Amino acid sequence: MTTEFSDDVAEDYKRALEDLTMNSRYEISNLTVIARENTEHALAISEALKSHIKQTSPQKKLPAFYVLDSVIKNVGTPYTIFLSRGLYSTFMEAYALVDNSVRRKMDEMLKTWKEPVPGALDTRPVFPRDVTGPIENALIKARTSAIQAQQEHTRSQQQILGRGRPGPSPAPYRETPTPPNAYRQPPPVQQGYNSNYPQQQYPSAMNGQQYGQQPHVQQSYGLPPVSRPSSGKFDYTNQDQRPPTQNYIPHNASAGSWQQPPPQQGYSAHDNSIDELNSDIANLITVFKTDFALNPLDGNIQKRLKALLDLQSIMQSQRLPPQQISEIKTQVAKLSEASKATPKAPKSPTPAPVPAQLPQQNSLSSLLGPGGQGTLAALLAKQTPPIQTRSPQPALNQPFKPPPVSMAPTPVPDTGSLFEKLLAAGIISGKPAISTPTPNIPLPANISGYRPPFTPNPSRTPLGEIPNDVVLKTSSLKILYEKLGAPCTQCGRRFQSNEEGKKKKTAHMDWHFRVHQRMTEAEKRGQHRSWYVDELDWIKSREVEGDQNTSNGDKTNGSGVTSSSITSKPKLQYLPVPDDPALASSTCPICTEKFEMKWLDEAQEFVWMDAKKINQRIYHISCYEDVNKAGIKRDTPEPVLGKRKHEVTTPTGCRIGKSNKAQDDNIAVRSKIKTESY
Amino acid sequence: MNIPGLGQAAPAATFSAPTIQAAVAVHDLQANSEWRFEVAYGQSIEVKILSGTAEIFGTELAVNHTYTFRGTKSSIFTWHGCRIEVNGPCEEYMAEETPMITYVNTHFALEKLRDDAIQNGGEGPRVLVVGPNNAGKTSLVKLLTAYATRMGRQPMVINTDSREALLSIPGTLTATPFASIIDVEHGWGSSPTSGPSPVPVKLPLCYYYGLASPEDDTKLYKPILTRLALAAASRLADDPVIRGTGMIIDTPGVISQGKGGYDLISHIVSEFSVNTILVLGSERLHSEMQRRFSAYKTRSGEAITLVKLDKSGGCVDRDDTFMQQMQEAAIREYFFGDPKRTLSPHTQQVNFDDATIYKIHEGGEEDSQQVGLYENVEPSSMMLHCLLAVMYASTRDSQETVRDASVMGFVYVAEVDEKKRRLKILAPLNTRITDRPMIWGSWPETTVSLI
C-alpha cells in the first residue's frame with residue numbers, strides 16, 4: 001500500500017507542515033482534518049510529521065508537535081500507533097533543542113498524553129504507558145542529574161564566594177510561595193506558567209527588569225559551566241524530590257541581598273502580605289481558569305478571570321499604597337471564599353501536578369537568582385539530545401512578546417469533536433430510515449423490452465446431468481430482479497415483494513439507520529478487530545440476517561450473526577468488558593471471582609456474561625440475586641455485606657471465595673449456579 | 001516554476017497527479033455488457049449507478065449510492081443496461097462478450113439441486129471450483145455466492161487457497177456462511193469487529209496453514225483441510241438453511257496445474273463430499289477431472305457432476321507486485337480497518353518466556369516426519385515484522401492439536417529485543433494473550449513495517 005501515491009500525500013503534508021510557522025489553530029485543525037481523511041496513508045503522513053519535527057527549526061517544532069497532538073487526539077489510530085513508534089526520539093531530540101517556554105509546553109502536552117482524550121468515552125490514555133513512560137523517565141533522570149549538578153555548582157560557587165551557608169531552609173512548598181524574609185518572590189514565574197493557558201497574556205515588565213539584571217550576576221559569578229556537560233541538565237521543577245536543593249536558598253538569598261534589588265522589590269513590612277496576595281490572586285486565577293475551561297461560555301467567569309488577570313498585572317507593575325492593597329486583599333479573600341465554596345476543586349484539573357510545582361518554580365527561580373538563570377540560558381542553547389532541561393523561565397527569551405501560542409493542545413479536541421458531530425449529523429440526516437421510492441429504475445420498461453439472447457450453452461459437458469435448461473430464460477433472471485421488490489437504497493439488497501419481505505425490508509432500513517448511528521458512537525469509542533470465534537461457537541452460531549435480528553428491538557448488531565444460545569435466551573444479561581484496565585480486572589464482590597469474558601456477536605463486543613453494574617460495582621447477576629433473595633436488603637451493597645453473604649450464597653455447601661485453592665473447585669459450582677439462573 | 005525548459009514541470013506533474021480529479025465520466029452500458037476497471041493500490045475511484053441495474057460479481061449495486069474502490073481489478077455487469085458515473089483515475093474498458101449467461105445458468109442449475117435437497121431433507125450441492133491461476137475462480141465463487149444469497153439461501157463458502165484470504169489474512173483456510181450481502185467495496189467484506197459495520201459482517205472459521213502453496217507441505221495441508229471439512233460438515237448438519245444451500249469451494253490455482261495438485265483435488269473432493277465440480281478455463285484439466293471422477297461416487301453414493309465453464313475475457317493476470325500489495329492490504333485491513341472504519345490495534349510487550357511459538361518446517365517433508373510438525377522456537381530478530389497466528393489451543397497441547405485448532409487471531413511482531421528478551425507485538429485488541437501457542441509461518445510474507 002505504500003505507493004507513490006502515499007509518497008505524494010506525504011510530500012503534500014510535508015509542504016503544508018513547512019508552512020506552519022506559528023501556532024495557528026486554523027492550520028493545525030486543517031492539518032488534522034487532512035490526516036483524518038487520509039488514514040489509509042497514515043504511515044506516510046506520520047513519517048512525514050515525524051521527520052518534519054526532527055528537521056524543522058526549533059521555533060517551528062512546537063506548532064508541529066501541536067499538529068501531532070491534535071492528530072492523535074482527534075483522529076487516533078492508526079496514527080497513535082505510527083506516531084508512538086519513535087516518539088521517544090522525536091520528543092527528546094526536539095526537547096533538547098527548543099527553549100524553555102517550549103519545553104514547558106511540551107511537558108504539559110506529555111502530561112495530557114498520559115490521560116484519556118478529553119471528552120472521549122475511551123478511558124485509555126492518549127498514548128500507551130510504555131510509550132510515554134520512557135520519555136518521562138528520561139526527563140526525570142535529566143532533571144535529577146541537573147539538580148545534582150546544580151548543587152555541586154552552587155557549592156563550588158559558595159566556596160568561591162566564601163558565603164557558603166549550607167543550612168537547611170524551608171524548601172517544602174507552602175501556600176505562600178516565599179519563605180518569610182527571603183528574597184522577594186517574583187510572581188512572574190508563576191504567571192509564566194499560567195501563560196500556558198491560551199487565554200493568558202504574557203506578563204509583565206517585571207520579568208524584563210529582573211532578567212535585565214542577570215548579566216551582572218552572571219559575570220560576578222564568573223561561571224564557566226559550559227564545559228561541564230552535566231550542568232546543562234538543570235531542572236527546577238522536580239526540586240521537591242530532591243531535598244538537597246535547599247542549599248540554593250541561602251545562597252540565593254544572599255545573592256539577592258548582595259545584588260542590587262530591583263526597585264519594586266523592597267523589603268518593606270507588607271512585602272509578605274503582598275506575596276500572599278499575589279499568590280492568592282494566582283491561585284484564584286487558576287481556579288477561574290478551570291471554571292472557564294469547563295464553562296467556556298459563561299460570561300461571568302470570563303469577566304472575573306479578566307479582572308483578576310488585570311489585577312495581577314497591576315500588582316506586578318506598580319507599587320500600590322498599603323490601604324489599596326488591603327482593600328484588594330479583602331476582595332480577593334471574598335472571591336476565594338466563594339470559589340472554594342463551589343464544588344469544583346480549587347486546583348486546576350487539567351495538568352494536575354503542575355499547580356504543586358508552581359511555587360517551586362517561583363522560589364527556585366528567585367532563589368537561584370538571575371545568575372543561575374542566565375547561565376542556564378546560555379547552557380541550554382548548547383544542549384545535546386540526552387540532556388533534558390526544564391526551567392521555569394518562559395519569559396526569559398521573549399519577555400514582552402505575546403505568547404506565540406494562542407492555542408493550547410487541549411482545546412483542539414473540542415473543534416474536532418464538533419466537527420465530528422456535524423459530520424455525524426450530516427451522515428445521519430443523509431441516510432433516511434424510510435426507504436425512498438426509486439422511480440428512476442426503469443425496470444418494467446426495460447424488462448418488457450428485454451429479450452435475453454437465447455444462446456445455447458455450448459461449454460457444458462454434463463458428466464452427470466445438471467437438470468436445467470442450457471438457455472437463460474427471462475423468467476429465471478426475473479427471480480433475481482423483478483420478482484423481488486425494489487432494492488434497498490443503501491445497499492441494493494432486494495426483498496421478496498410479499499408481506500414478509502416488506503416487513504423484512506422495513507426492519508432492514510431500521511438496521512441501516514441504527515448502524516449509522518452506532519457507527520458514529522463507535523468511532524469515538526474506538527473499535528478493534530475481534531478474535532475469530534472458535535470451532536464450537538462457530539458451529540453453534542447461526543447466520544441471521546441483520547435485518548431480522550433488529551426486529552427484536554434492542555438488538556442492533558451489525559453482524560447478522562447470532563449465536564443460537566442467545567436467541568434462545570433473549571433475556572441474557574451482560575456487561576461490555578470495561579476498557580479501564582483497573583475495572584477490567586475487578587471481581588464480583590460477592591463471590592470474589594473474576595468475570596468470564598466472552599465474545600458476544602449480538603453485542604459485537606466482548607462482554608461479561610451474567611454481570612451487572614450496580615452502584616458502581618460490578619456483580620454477577622446470579623450472585624446479586626441470590627444475595628437479595630436471601631433477604632438482606634441494602635441499597636448500596638458493600639463488600640462487607642458481600643463477604644457475609646458468602647455463607648448465605650452457598651446453598652451447595654461450598655464456601656466460596658475463601659481461599660484461592662478452594663476457588664478452582666468452586667468455579668464448577670459457580671457456573672452451575674449461573675446456569676440455573678438463566 | 002512554470003517557465004518552460006527549466007525542467008520543473010515533471011515534479012509538479014507527479015505532485016498534482018493524484019489530486020487532480022479526473023473529469024467525471026458517465027458511461028452507458030448496454031444490456032449484457034460489462035464495464036471492467038482496474039484501480040491501482042493507493043488510488044481510489046468513486047462509482048455511482050445513475051439508472052438501470054448493475055451488479056458486481058453477482059451483488060446488485062444500489063442506485064445513486066457512491067461506491068469507492070481502491071486497489072482492485074473488478075467489473076460491473078448489467079443485465080438490463082445502466083448508466084454509471086465514474087470519478088477518479090482508473091484503467092477501464094467496455095466488454096460485450098461475457099460468460100455471464102453460462103454462469104447464471106449454472107447458478108439456476110444449482111438452485112434446482114438446492115430445491116431438491118430441501119424437499120428431500122438432503123444436503124445442497126457441494127460445488128468445487130477448479131482452474132488455473134487467474135481464471136476467475138474466486139470471482140465465480142463470489143458470483144455464485146451472491147446469487148444464492150439474493151435468493152435467500154445461505155451458502156457455506158470454503159476457501160482452500162492460502163495465497164489469498166477470504167475475510168482473513170493470507171495463509172489461512174476458512175469456512176464462512178454467507179447470509180447477507182457481500183461487501184462489494186472490500187472483496188468479501190469484514191470479519192467481526194467491536195463496532196457496527198455498514199455491511200453485515202461475516203463470521204469465518206479460520207485454520208492456519210502458513211505457507212503459500214498447498215504443495216509446499218501437503219502433510220500439513222491435508223490434515224488442516226480435513227479438519228476444516230469436519231467443522232463445515234458439523235455446521236451443515238446443525239444448520240438446516242446452510243445444509244439446503246450446500247457449499248461452494250474455492251481452490252488455489254496451483255493444484256489445477258499438475259499431478260500433485262490433482263491428488264489434492266481428490267483429497268478435497270473426498271473430504272468435502274463434493275458432488276459438483278466446475279472446471280474453469282482449462283480443457284486439459286477438464287479431461288483430467290473426467291478421467292478421475294467419472295466413476296467416482298461420493299459417500300452418499302452421488303455421482304459427480306462435472307461442468308466446464310469458460311474463463312471470462314475480463315480475467316487479468318495479477319503480477320507478483322499486485323499480489324503482494326493485495327496481501328499487505330489484507331493484513332493492514334485486519335489490524336487497522338478500512339478507510340470508512342478505522343480499527344485500533346494495540347501493542348503489548350511479551351516476554352520471551354511467556355511466548356510459545358511454533359515455526360512451520362520448510363525443509364521438506366522428510367524433515368517434518370522426523371522432527372514433528374513444527375519446531376518450537378525461541379523468539380528472535382528473524383521474527384521481526386512477521387505475523388503469528390494465535391491458536392485456540394493450550395501451550396501444553398500436542399503439536400497435532402495445535403495444528404487442528406482454529407485460529408483466534410493474528411499478531412504482528414513489531415519489535416524484538418533480544419537483550420531484554422521481550423517482544424513487542426501488535427494485537428487486534430487489548431487483551432493479554434496467555435497460554436496460547438502461536439504459529440509462525442512463512443506466509444504471508446511481510447516485507448514492510450506495519451507500524
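If you're wondering where the values come from, they're calculated on a predicted model, not measured in any experiment. Chain naming here is simple, since letters A, B, ... match the order of the sequence lines and numbering starts at 1 in each.
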Please examine the side chains of [Y] and [X], heavy atoms only from C-beta on, and report whether any two atoms are closer than 4.5 Å.
X: A:Ser530; Y: B:Leu429; result: no
X: A:Val131; Y: B:Thr347; result: no
X: A:Glu40; Y: B:Tyr41; result: no
X: A:Trp538; Y: B:Pro177; result: yes
X: A:His528; Y: B:Ser194; result: yes

Heavy-atom proximity to chain A below 4.5 Å, by part of [X]:
X: B:Phe410; result: both
X: B:Glu283; result: neither
X: B:Met156; result: side chain
X: B:Ile433; result: side chain
X: B:Glu415; result: side chain
X: B:Ile49; result: neither
X: B:Leu61; result: backbone
X: B:Glu302; result: neither
X: B:Tyr334; result: both

Original post:
Roughly how far apart are B:Arg341 CZ and A:Thr39 OG1, rounded to 0.5 Å?
Top reply: 12.5 Å
Please state whether the side chain, the backbone, both or neither of [X] comes within less than 4.5 Å of a heavy atom of chain B.
X: A:Cys491; value: both
X: A:Leu484; value: side chain
X: A:Asp130; value: side chain

Looking at every heavy atom in both [X] and [Y], which two are closest together, and how far apart are they?
X: A:Pro78; Y: B:Phe336; answer: CB-CD2, 3.3 Å
X: A:Ala522; Y: B:Gly195; answer: CB-CA, 4.4 Å
X: B:Pro200; Y: A:Trp511; answer: CD-CH2, 3.4 Å
X: A:Val533; Y: B:Pro204; answer: CG2-O, 4.3 Å

**OP:** Kindly write out the residues that satisfy salt bridge (charged side-chain N to carboxylate O under 4.0 Å, His left out) with B:Asp239, not counting sequence neighbours, or none if the list is empty.
**Re:** A:Arg542, B:Arg235
Max heavy-atom pair count under 4.5 Å with chain A, selected residue of [options]:
options: B:Ser168, B:Ala414, B:Cys82, B:Gly337; answer: B:Ser168
options: B:Asn275, B:Leu205, B:Val241; answer: B:Leu205
options: B:Pro339, B:Ser234, B:Ser191; answer: B:Ser191
options: B:Ala175, B:Ala405, B:Ala40; answer: B:Ala175
options: B:Glu333, B:Lys340, B:His107; answer: B:Glu333

**OP:** Decide side chain to side chain contact (heavy atoms under 4.5 Å, CB included) for B:Phe108 and A:Leu480; before the verdict, give the C-alpha distance in whole Å, the side-chain angles of both, and the deciding distance to 0.1 Å.
**Re:** CA-CA 10 Å; B:Phe108 287 121; A:Leu480 289 173; 4.2 Å; yes
Original post:
Counting heavy-atom pairs under 4.5 Å to chain B, which of A:Glu47, A:Met519, A:His512 comes out on top?
Top reply: A:Met519
**OP:** Would you mind telling me which of A:Glu535, A:Arg529, A:Arg85 has the largest number of heavy-atom pairs within less than 4.5 Å of chain B?
**Re:** A:Arg529
Original post:
Between A:Ile81 and B:Phe335, does a side chain to side chain contact (heavy atoms under 4.5 Å, CB included) hold up when you go through it step by step?
Top reply: CA-CA 11 Å; A:Ile81 304 247; B:Phe335 288 105; over 6 Å; no
**OP:** Evaluate side chain to side chain donor-acceptor pair (under 3.5 Å) for B:Thr174 paired with A:Tyr532, printing each intermediate quantity in order.
**Re:** CA-CA 11 Å; B:Thr174 53; A:Tyr532 297 125; over 6 Å; no
Original post:
What do the steps show when you test A:Ile479 against B:Met151 for side chain to side chain contact (heavy atoms under 4.5 Å, CB included), and what is the final call?
Top reply: CA-CA 8 Å; A:Ile479 296 174; B:Met151 303 190 59; 3.0 Å; yes
